[in-house]
There are 2 protein chains.
Amino acid sequence: MTTTEIGPRGSLTDEELRAVDLYWRAANYLSVGQIYLLDNPLLREPLAPEHIKPRLLGHWGTTPGLNFVYAHLQRQVRRRGTDMIWIMGPGHGGPSGVATAWLDGTYTEIYPEITRDAEGMRRLFRRFSFPGGVPSHYAPETPGSIHEGGELGYALSHAYGAAFDNPGLVVAAVVGDGEAETGPLAGSWAANRFIDPATDGAVLPILHLNGYKIANPTVLARMPERELAALMEGHGHEPVFISGDDPAVLHREMAEVLDRALDGIAEIQRRARDGADRGGLRWPMIVLRTPKGWTGPEEVDGLPVEGTWRSHQVPLAAVRTDPGHLGQLERWMRSYRPEELFGADGAPVPETTALVVPEGDHRISANPVANGGLLLKDLTLPDFRRYAVEVPSPGAVQHEATRVLGGYLRDVIRANPDDFRIFGPDETASNRLGAVFEATDRAWDLPLLPTDESLAPGGRVMEVLSEHLCQGWLEGYLLTGRHGLFNSYEAFIHIVDAMLNQHAKWLKVTRAIPWRRPIASLNYLLSSHVWRQDHNGFSHQDPGFIDHVVNKKPEIVRVYLPPDANTLLSTADHCLRMRDTVNVVIAGKQPALSYLTMDQSIAHCTRGLGIWEWASTDGGADPDVVLACAGDVPTLETLAAADLLRTHLPELRVRVVNVVDLMRLQPAEEHPHGLTDRSYDALFTTDKPVIFAFHGYPWLIHRLTYRRNGHDNLHVRGYKEEGTTTTPFDMVMLNDLDRFHLVMDVIDRVPGLSVKAAHLSQRMHDARLRCRAHTREYGDDAPEIRDWTWGS
Amino acid sequence: MTTTEIGPRGSLTDEELRAVDLYWRAANYLSVGQIYLLDNPLLREPLAPEHIKPRLLGHWGTTPGLNFVYAHLQRQVRRRGTDMIWIMGPGHGGPSGVATAWLDGTYTEIYPEITRDAEGMRRLFRRFSFPGGVPSHYAPETPGSIHEGGELGYALSHAYGAAFDNPGLVVAAVVGDGEAETGPLAGSWAANRFIDPATDGAVLPILHLNGYKIANPTVLARMPERELAALMEGHGHEPVFISGDDPAVLHREMAEVLDRALDGIAEIQRRARDGADRGGLRWPMIVLRTPKGWTGPEEVDGLPVEGTWRSHQVPLAAVRTDPGHLGQLERWMRSYRPEELFGADGAPVPETTALVVPEGDHRISANPVANGGLLLKDLTLPDFRRYAVEVPSPGAVQHEATRVLGGYLRDVIRANPDDFRIFGPDETASNRLGAVFEATDRAWDLPLLPTDESLAPGGRVMEVLSEHLCQGWLEGYLLTGRHGLFNSYEAFIHIVDAMLNQHAKWLKVTRAIPWRRPIASLNYLLSSHVWRQDHNGFSHQDPGFIDHVVNKKPEIVRVYLPPDANTLLSTADHCLRMRDTVNVVIAGKQPALSYLTMDQSIAHCTRGLGIWEWASTDGGADPDVVLACAGDVPTLETLAAADLLRTHLPELRVRVVNVVDLMRLQPAEEHPHGLTDRSYDALFTTDKPVIFAFHGYPWLIHRLTYRRNGHDNLHVRGYKEEGTTTTPFDMVMLNDLDRFHLVMDVIDRVPGLSVKAAHLSQRMHDARLRCRAHTREYGDDAPEIRDWTWGS
């Protein structure tokens with residue numbers, strides 16, 4: 001059934017039809033071989049149980065459809081000279097990615113031991129889903145992939161991320177009908193409202209309906225076709241439907257719909273690039289219906305398999321023990337007529353690839369865009385010191401750290417007009433990075449109103465109220481060799497916890513793959529953090545993203561807590577230069593004291609942590625107590641506590657240690673940034689009480705330091721899930737992180753203090769009650785809290 | 001503009017029009033008052049700076065539209081006797097929820113100090129977004145809410161969850177156009193494909209387009225209207241559009257579209273309940289366009305505000321200091337004509353509420369469905385002991401734990417046909433709970449094919465490939481007084497990390513609100529866990545959800561790691577009886593050894609952890625070493641290690657401790673399940689090496705125990721992000737959790753062992769190499785590993 005009539009201008013010659021079918025059959029043969037065969041790859045002898053893998057792992061269901069799409073995409077690339085990559089949305093399409101890369105020759109170029117002959121084919125089959133081999137997804141080990149697709153939902157967002165600022169590129173994104181049920185994918189259709197046909201490339205979504213997910217039909221496959229068409233039109237697309245199971249018919253139709261879609265894309269881009277408007281043209285997309293497990297066993301043990309969910313994994317499960325299954329497998333594999341596809345040596349015969357596979361880097365599996373590190377250029381970074389704020393003395397003047405950073409980011413955008421973007425869920429202005437709009441706009445390809453500000457096609461700031469889409473776009477952008485920054489509220493970045501997992505896993509694996517070149521780091525700037533949710537309250541208070549990130553491989557993750565504006569600038573510059581890591585930077589947007597000059601900031605950030613002598617009273621010698629802090633609000637409270645101690649217990653030797661780079665706390669053998677024990681001990685002592693005021697959940701500090709000397713003396717204050725809509729100081733009081741409580745903690749823990757200390761502790765307790773009462777009465781913090789400065 | 005013509009059958013009389021407008025104006029007045037006023041609530045004297053709050057917190061933009069919707073919904077309830085709750089999707093609509101509950105009288109019934117007079121109004125205004133007061137969202141403190149809406153995306157999924165098995169209920173779900181951009185919301189439109197019009201209630205989505213999110217226009221507001229209509233039709237809805245800013249016109253239109261929508265819902269339900277099919281009827285939904293900040297200041301300081309993003313928060317920011325702003329605020333508030341709305345005492349005059357507010361529990365703000373604990377009934381639970389597997393001796397026979405559980409769950413479904421459901425992303429069969437399909441089907445309201453199995457409207461198993469939708473459905477179902485279970489792959493449950501945060505925060509807050517009655521716990525069954533991803537590999541390996549959950553308030557969270565089938569049954573029974581917690585149960589689905597009889601399981605699970613004497617060689621006295629374990633695979637490896645030690649170092653006194661309830665490890669003062677130090681020491685000793693084999697990331701055990709005596713002797717093995725597609729035993733070897741490595745750890749840590757021990761360590765090392773080589777050669781584990789049993 002073809003809902004939309006396909007015109008007579010199809011370009012597929014009979015010779016090409018035969019070629020594309022040969023390529024497809026070869027890819028299918030190689031896919032089945034990967035799932036089943038240990039040996040006898042070309043079936044040159046009758047199939048026997050010892051040729052079969054002892055454990056049958058892998059998924060057949062989606063694979064023939066993927067091979068079909070790939071064959072046709074590649075033919076179009078060859079014919080048109082298009083620059084194209086593809087995104088394999090359906091999970092477990094690994095056999096397809098491996099098979100086609102081997103057919104194209106790419107696989108052997110990268111893995112020379114997997115030769116293009118019978119022995120190479122045997123090795124190829126054996127390594128698939130085999131211990132020490134390659135995974136069953138389109139994993140980083142497979143050339144041509146930027147999207148593993150283990151966790152579903154991100155095919156379209158990755159595709160659009162790859163297309164931004166790649167005006168010559170078409171990204172074909174295959175979306176499975178299972179994946180299409182996920183929230184993140186459903187929200188990604190809106191991405192076409194943000195793409196600029198003049199300066200960006202294009203995404204061609206191919207919704208592949210094979211009817212089932214694991215054990216169930218899918219919503220998109222079963223909804224009435226007129227509703228599906230309406231849905232795609234609603235998403236701003238012009239859908240074309242093709243459907244069937246007769247390869248001869250479907251090859252011709254697929255060639256025609258791809259012709260139409262690629263022509264349609266070219267026409268939209270031509271008009272935009274000529275300065276004309278789109279005139280009602282909508283982005284093409286294709287709905288392709290083929291049976292799940294197409295060309296596989298129709299029935300197994302009397303139950304229907306092809307076209308049902310039963311073909312999801314391994315359709316014939318007992319091949320090694322059941323001669324009936326073994327015979328069925330052999331007939332299935334021979335149905336692709338391997339003798340026509342592969343020569344005597346086992347290499348594909350020329351006809352199998354000749355009219356389908358393009359030359360060199362034009363092969364989809366070889367396109368350097370899918371190995372973004374190859375294309376990566378260093379950012380042109382302005383000197384961040386130029387944006388420094390004046391800090392005449394520590395803790396005396398206030399700045400909004402993120403607003404200062406905004407000026408720097410504005411000039412990063414100016415200096416890198418085609419490979420740096422900022423992403424965020426409509427919080428760039430709220431997070432006070434508004435200076436970037438002096439240099440650019442928000443990307444927007446929908447109608448404008450006269451009252452709009454800073455909205456235009458091609459804007460470098462991508463704002464959509466979907467953390468999933470922001471993260472997916474940024475990942476796609478980075479994986480194809482560009483740079484970016486995701487700014488978000490701290491609490492809601494948990495929305496992308498699972499996406500972060502997948503990206504971190506990709507980075508961990510690619511670090512061990514020499515041909516995968518390093519890509520730019522994924523940078524998070526988390527503002528509107530847990531301690532300043534004055535407008536929002538408890539629902540917006542969660543500093544746990546750090547905990548989540550720190551579970552990833554240590555070489556992949558960095559966490560920075562710059563305490564003020566200049567240290568934020570220095571940190572940002574550092575992060576924008578890094579490769580193959582995930583960097584989390586947490587910084588407040590509210591007016592807050594600055595402590596360090598730019599020179600001091602650079603020194604402090606370079607060390608990652610250090611003693612603040614100006615705030616310490618240990619005279620550089622042994623302290624009685626260490627006040628450690630990480631994060632802007634904890635640093636403020638720690639300094640205010642140090643100030644109280646210096647005033648009221650001047651004989652107490654207090655050392656103040658500030659931590660910017662949280663990973664310095666881990667042992668050197670566990671994290672590349674980890675301090676040696678000797679350096680750690682020199683800062684924190686081995687036997688003195690350490691009162692650590694931390695931005696996040698307190699136990700994270702224990703987790704990072706439990707192997708350290710003196711860990712038993714460490715007492716951490718942090719967020720303990722107490723909060724509501726209240727004043728900044730009330731928030732720290734609710735969580736016992738306030739200056740008064742820190743002083744009480746010191747007095748509790750330093751042995752042998754005087755009666756004066758006990759009195760001070762009582763005064764601190766009273767001060768807390770006074771502050772609480774003031775807040776409840778006036779709805780605001782008392783002025784002596786609000787206006788406190790160092791030494792005031 | 002009204003795209004769809006509204007018929008002449010509108011039911012709104014002129015008197016009702018006036019009444020609904022009065023109610024709306026009163027709600028708007030009360031909303032503005034909450035944002036601004038400390039005093040002078042009725043403007044009985046000229047507004048002065050001292051009447052204004054010192055910190056202006058809150059959000060005006062969405063509020064007037066919400067008040068408009070609420071007034072009309074409530075009028076329909078009054079007129080029709082419908083049972084209705086609403087979901088306030090837009091964030092920061094708190095003023096609306098508070099204002100309408102006070103108008104309805106519900107607020108004063110719950111909070112008697114907030115009287116329905118001038119003094120009560122003053123207190124109401126003051127407490128909003130004030131320290132110690134109520135949050136700016138539709139928080140648990142506000143009656144009528146089951147959906148706080150701080151983090152956006154879950155309005156529709158919560159609404160559908162509430163509607164399941166509530167055949168008389170209509171859930172009106174207001175979806176903001178900001179929220180509509182999120183992935184989870186975009187994916188929730190598909191929920192209407194799973195609702196049974198015969199046995200479930202209905203959801204009426206009201207897409208409220210006010211044009212802007214925080215600082216940006218929204219995609220749904222700016223896309224061409226014909227595309228928006230197509231989108232809604234594509235989602236299986238019949239959309240009706242209304243739009244404008246003239247209240248007199250819009251009141252009439254809103255009444256008419258609500259008439260049509262509620263009539264349409266009733267017609268679909270009537271046909272289904274009469275056994276007829278739907279005959280092309282589609283679920284109604286409403287698209288309502290009103291200006292952002294409707295009826296607020298048109299311009300402030302020369303810039304347009306009403307109808308733009310500038311009305312998002314507090315439109316007049318300088319009221320306390322700028323007399324111009326102050327005057328504007330006073331004119332704005334007086335524009336609602338408070339003298340018509342409230343009597344001399346400050347209570348609403350009868351005309352303000354008479355024709356709008358229904359009686360008693362029919363008031364939307366008072367509906368008991370929105371305080372689900374009121375309606376909660378205990379589940380009828382079959383005796384879980386009946387499902388016990390035979391365990392003739394420990395570690396000798398295998399069972400698939402989740403398959404055993406499936407039989408129990410089948411009978412839970414049978415015994416509770418209208419208040420228990422199972423939710424999952426198409427993994428119920430994969431997770432081997434297939435027995436449930438003997439009792440029920442998967443819910444499905446789309447066409448069926450002859451090859452389909454276990455699919456029907458009204459099925460008790462909800463499967464959709466969206467963890468977000470599953471979680472949102474379950475939350476909505478629990479919050480309205482029912483029970484459920486979410487079964488999912490362990491790695492991908494991180495997809496709902498952020499949703500879990502919000503639900504846990506809701507539970508924490510409601511525990512302190514006496515009128516909110518306890519609801520059933522949220523139960524996760526995580527199978528297909530990190531150690532058995534034979535088909536999937538690295539992308540599916542992540543045990544970090546436990547870490548995420550453990551960051552929540554201790555009284556809210558429980559984590560269980562039953563080691564075998566009988567302990568899983570006992571744990572499940574326990575979890576289904578709990579209230580107001582989040583329970584995470586992790587259990588394998590693969591064949592695995594059973595250790596405990598049912599009686600032993602009950603005793604073990606009741607203690608939460610304990611010594612397994614049968615596996616220990618310390619003779620009940622002081623051990624030389626403790627082997628602790630939590631999780632099925634770590635338990636297997638620990639027992640195999642204990643077996644090796646017993647055989648090869650029989651003189652070594654080994655104690656085996658198994659942990660089911662992870663929270664027992666925390667100190668008693670930190671978690672309600674925490675062991676006292678004395679009990680902990682009695683199990684783990686204070687001075688002997690403890691080798692702890694853990695299911696998840698090893699540092700979690702350190703985090704839970706860092707305050708314990710003997711923590712320095714604790715050595716934890718767990719998942720350290722090493723993995724791929726490989727055999728089960730290779731997985732544990734990659735992460736140093738295997739039996740051989742555990743033996744080596746023991747030999748490393750127990751002082752004074754013999755030369756024989758050093759030789760054993762070398763043999764363990766060699767055994768690892770042998771196993772690795774076997775796996776690489778045969779793609780499978782060596783038989784002596786695969787077939788190991790206790791004492792074999």
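Order of the sequence lines sets the chain letters (A, B, ...), proteins ahead of strands, with each chain counted from 1. It should be emphasised that the depicted structure is a prediction, and the values quoted were computed from it without experimental measurement.
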Quiz item: Checking heavy atoms, do the side chain of A/W309, its backbone, both or neither come under 4.5 Å from chain B?
Solution: side chain
Quiz item: Mind checking what makes side chain to side chain donor-acceptor pair (under 3.5 Å) contact with B/Q533, not counting sequence neighbours?
Solution: B/N536
Quiz prompt | Proximity breakdown for B/K53 and chain A, heavy-atom pairs closer than 4.5 Å | solution = neither
Quiz item: Checking side-chain contact (heavy atoms from CB on, under 4.5 Å) for the pair A/L500/A/H548: CA distance, chi angles, key distance, verdict?
Solution: CA-CA 9 Å; A/L500 180 277; A/H548 180 66; 3.9 Å; yes
Quiz prompt | Residue part contacting chain B, namely of A/H535, when any heavy atom lies under 4.5 Å | solution = both
Exercise. Please state whether the side chain, the backbone, both or neither of B/L455 comes within less than 4.5 Å of a heavy atom of chain A.
Key: side chain
Quiz prompt | Any residue meeting ring-ring contact (aromatic ring centres under 6.0 Å, His included) with B/H137, in chain and number order, not counting sequence neighbours | solution = A/H540, B/H92
Quiz prompt | Contact class of B/L469 relative to chain A, heavy atoms under 4.5 angstrom | solution = neither
Quiz item: What part of A/Y697 lies closer than 4.5 angstrom to a heavy atom of chain B: side chain, backbone, both or neither?
Solution: side chain
Quiz prompt | Heavy-atom proximity to chain A below 4.5 Å, by part of B/S157 | solution = neither
Quiz item: Which answer fits A/D426, side chain, backbone, both or neither, if we ask what part of it has an atom under 4.5 Å from a heavy atom of chain B?
Solution: both
Quiz item: Considering only heavy atoms, which portion of B/E463 lies under 4.5 Å from any heavy atom of chain A: side chain, backbone, both, or neither?
Solution: both
Quiz item: With a 4.5 angstrom heavy-atom cut-off, which part of B/W189 approaches chain A: side chain, backbone, both or neither?
Solution: neither
